[in-house]
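Reckoned from all heavy atoms, side chains included, excluding hydrogens, waters and symmetry mates. In what follows, chains are A, B, ... by sequence order, proteins preceding strands, each numbered from 1. Keep in mind it's a predicted model, so treat the numbers as computed, not measured.
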Protein chains: 2
Amino acid sequence: MTMATEQTERPGRPVSKRREATRERLRAAAIEAFAERGFHGTSVEDLCERAGFTRGAFYSNYASREELVLDLYERQGAAINARLAEIGATADLEPRELLRQVMAVWGEEEAGAERRRAFNLLLGEFTLHAIRDPEAGAAWHAVQGRLRADTARLLQDYLRVRGLTVPVSSDDLARLLHVVVQGSTTQHLLDPQAGSAESLAESFVALLLQAARPTSAVGA
Amino acid sequence: MTMATEQTERPGRPVSKRREATRERLRAAAIEAFAERGFHGTSVEDLCERAGFTRGAFYSNYASREELVLDLYERQGAAINARLAEIGATADLEPRELLRQVMAVWGEEEAGAERRRAFNLLLGEFTLHAIRDPEAGAAWHAVQGRLRADTARLLQDYLRVRGLTVPVSSDDLARLLHVVVQGSTTQHLLDPQAGSAESLAESFVALLLQAARPTSAVGA
DNA sequence: CTGTTTCGATACGACTCTGTATTCGATACA
DNA sequence: TGTATCGAATACAGAGTCGTATCGAAACAG
């Protein structure tokens with residue numbers, strides 16, 4: 001019931017190389033365009049022009065704009081999760097470095113401010129769309145759920161190894177971290193003069209570390 | 001240079017009663033519609049139909065959809081600020097109660113879940129729009145700036161009276177609080193099963209209180 | 001009660017977007 | 001080399017939207 005994505009494909013054929021390349025260009029153009037004007041603000045026309053195709057190409061690959069959006073959801077989600085998994089593997093970092101890594105997942109920092117901006121706008125669009133549309137909501141929820149579970153495990157291990165305890169469940173902690181990381185980036189985009197995006201998130205980490213106590217005191 | 005809003009009005013006339021009522025209905029309809037479909041997804045037609053007018057009425061009052069959006073920016077901003085000012089006056093509350101009040105500002109909780117949802121979607125739209133459009137960005141920045149300054153003062157007084165210190169500037173603290181409050185609401189909308197919107201924000205407050213130390217240790 | 005002003009409704013032309021049906025060129029394969 | 005297939009371009013019909021220019025009714029002033 002929730003596996004509706006990509007109806008366009010007949011399961012028999014394995015998707016030719018050319019076709020896949022076309023789609024990739026369409027997706028890239030869509031990411032740009034959506035970041036600039038939002039889902040609703042972007043016409044199929046816009047999007048195809050950017051990609052250097054005509055609408056014929058689009059409708060040959062996707063049944064509707066909505067279907068492309070769902071495709072993007074899954075791919076972006078998978079990309080984020082993959083990057084966090086990498087971090088999980090390389091774990092055992094000091095707090096600041098860990099934060100930097102996590103923020104990089106969110107903001108793709110190495111690619112420069114412009115890309116970070118676009119990525120954040122795209123996330124914002126995703127979020128709004130997920131709140132409005134049940135199908136998108138389910139897809140996004142699945143992605144976020146995995147992400148949060150991984151983050152929670154990461155944090156839990158981290159605290160356990162260091163013998164620290166905080167007065168918050170690791171799930172809530174993961175949620176808070178995501179909220180703060182994304183929120184910090186957004187704040188920075190709204191008001192670039194007020195310090196880097198990291199600095200606000202670092203304040204949160206500072207707070208977190210000061211709230212952490214040795215695990216010894218297990219008694220409630 | 002930044003006082004462009006409301007060009008439609010000739011400064012001479014004082015805006016008749018009838019006209020003001022019409023605008024109010026248009027604004028109310030716009031809030032609904034924007035929350036449901038976003039700025040770009042809402043046609044002037046949609047909006048007028050909802051308000052029970054034809055497009056003629058709209059163009060007689062606003063030069064463009066964009067102008068209406070800016071009008072909403074200012075009004076919503078003013079409303080938020082006013083409510084926070086009230087809280088500031090009634091201050092001297094315990095942390096949980098203070099948080100509840102602040103969340104009420106954000107989420108208008110008394111008006112029920114549906115309205116909270118709409119309000120949050122609208123805020124999301126505002127934020128994205130502010131990141132994209134310089135003029136909207138300036139307007140939103142002004143509103144947010146006042147809000148943040150008030151919150152910071154509130155928090156600062158609060159901590160000072162209690163003789164507490166946290167390792168973060170009060171400005172950053174205010175930013176964090178806003179980010180967390182808004183983020184918590186958003187999280188709740190994305191995943192209503194995972195506890196109330198307040199519970200996540202409360203976790204943050206718990207963290208914050210545990211991180212707070214008596215001011216005595218000023219040396220450092 | 002009458003003349004004037006105000007303000008929303010109506011009518012209109014231009015434009016844009018959508019989705020489909022068809023065409024045509026390129027590529028793969030025998 | 002000839003032919004079948006695939007995939008993007010083109011052409012087209014229909015719907016929706018925009019902004020304006022004009023009209024008519026209600027509100028208001030004298």
Next item on the list: In whole angstrom, give the distance that lies between atom NE2 of B/H40 and atom P of C/dC17.
Entry: 13 Å
Next item on the list: Check every atom of C/dA9, C/dT20, D/dC18 against the side chain of B/A57 and return the nucleotide holding the closest atom.
Entry: C/dA9
Note to self: Nearest to the A/F53 side chain among D/dC18, C/dT18, D/dA9, which nucleotide is it?
What the structure shows: D/dA9
Next item on the list: Give the rounded distance in Å between these two atoms: OH of B/Y62 and C1' of D/dG19.
Entry: 18 Å
Notebook entry, point to check: Quick one: B/L68 CG to D/dC18 P, roughly how many Å, whole number?
Noted result: 13 Å
Next item on the list: Run through B/L72, B/V69, B/L128 and flag the one making a side-chain contact (heavy atoms from CB on, under 4.5 Å) with B/F39.
Entry: B/V69
Checklist line | Protein-nucleotide distance (A/K17, atom NZ; C/dA26, atom C1'), rounded to Å | finding: 18 Å
Next item on the list: Could you work out which one of C/dA9, D/dC18, C/dC7 sits closest to the side chain of B/S16?
Entry: C/dC7
Checklist line | Phosphate OP1/OP2 of C/dC7: any B/T22 side-chain N/O under 4.0 Å | finding: no
Check: Can you tell which of C/dG19, C/dC7, D/dT17 lies closest to the side chain of B/R19?
Finding: C/dC7
Notebook entry, point to check: Distance-only, no hydrogens or angles: does the A/R132 side chain make a donor-acceptor pair with backbone N or O of B/E36 under 3.5 Å?
Noted result: yes
Notebook entry, point to check: Do B/V168 and A/F204 touch side chain to side chain, with heavy atoms closer than 4.5 Å?
Noted result: no
Next item on the list: When you get a sec, tell me which of D/dA8, C/dC17, D/dT20 is the closest nucleotide to the side chain of B/R55?
Entry: D/dT20
Margin query: I want to confirm an ordering. Mapping A/G56 and A/S43 to their closest nucleotides on DNA chain C, which one lands closer to the 5' end?
Written below: A/S43
Note to self: Quick one, A/L176 and B/L207 - any side-chain contact, counting heavy atoms below 4.5 Å?
What the structure shows: yes
Notebook entry, point to check: Roughly how many Å is it from CG in B/N61 to P in C/dA9, rounded to a whole number?
Noted result: 10 Å
Notebook entry, point to check: Can you tell me how far C1' of D/dA15 sits from CD of B/E45, to the nearest Å?
Noted result: 12 Å
Margin query: Distance check needed: D/dT10 P versus A/Y59 OH, whole Å only.
Written below: 17 Å
Next item on the list: Give a yes/no answer on whether the side chain of B/S60 brings an N or O atom under 4.0 Å of OP1 or OP2 in C/dT6.
Entry: no
Item checked: B/D172 (side chain) donor-acceptor with A/L200 (main chain) under 3.5 angstrom -> no
Notebook entry, point to check: How would you label the contact of A/T54 with the nucleic acid (heavy atoms, under 4.0 Å): base, sugar-phosphate, or nothing?
Noted result: base
Note to self: Measuring from the side chain of B/R18 (C-beta onward, heavy atoms only), which nucleotide among D/dA8, D/dG7, C/dG8 has the closest atom?
What the structure shows: C/dG8
Checklist line | Earlier contact from the 5' end, DNA chain D, for B/D46 and A/F58 | finding: A/F58
Notebook entry, point to check: Just how far, in rounded Å, is C1' of D/dG7 from CZ of A/R23?
Noted result: 11 Å
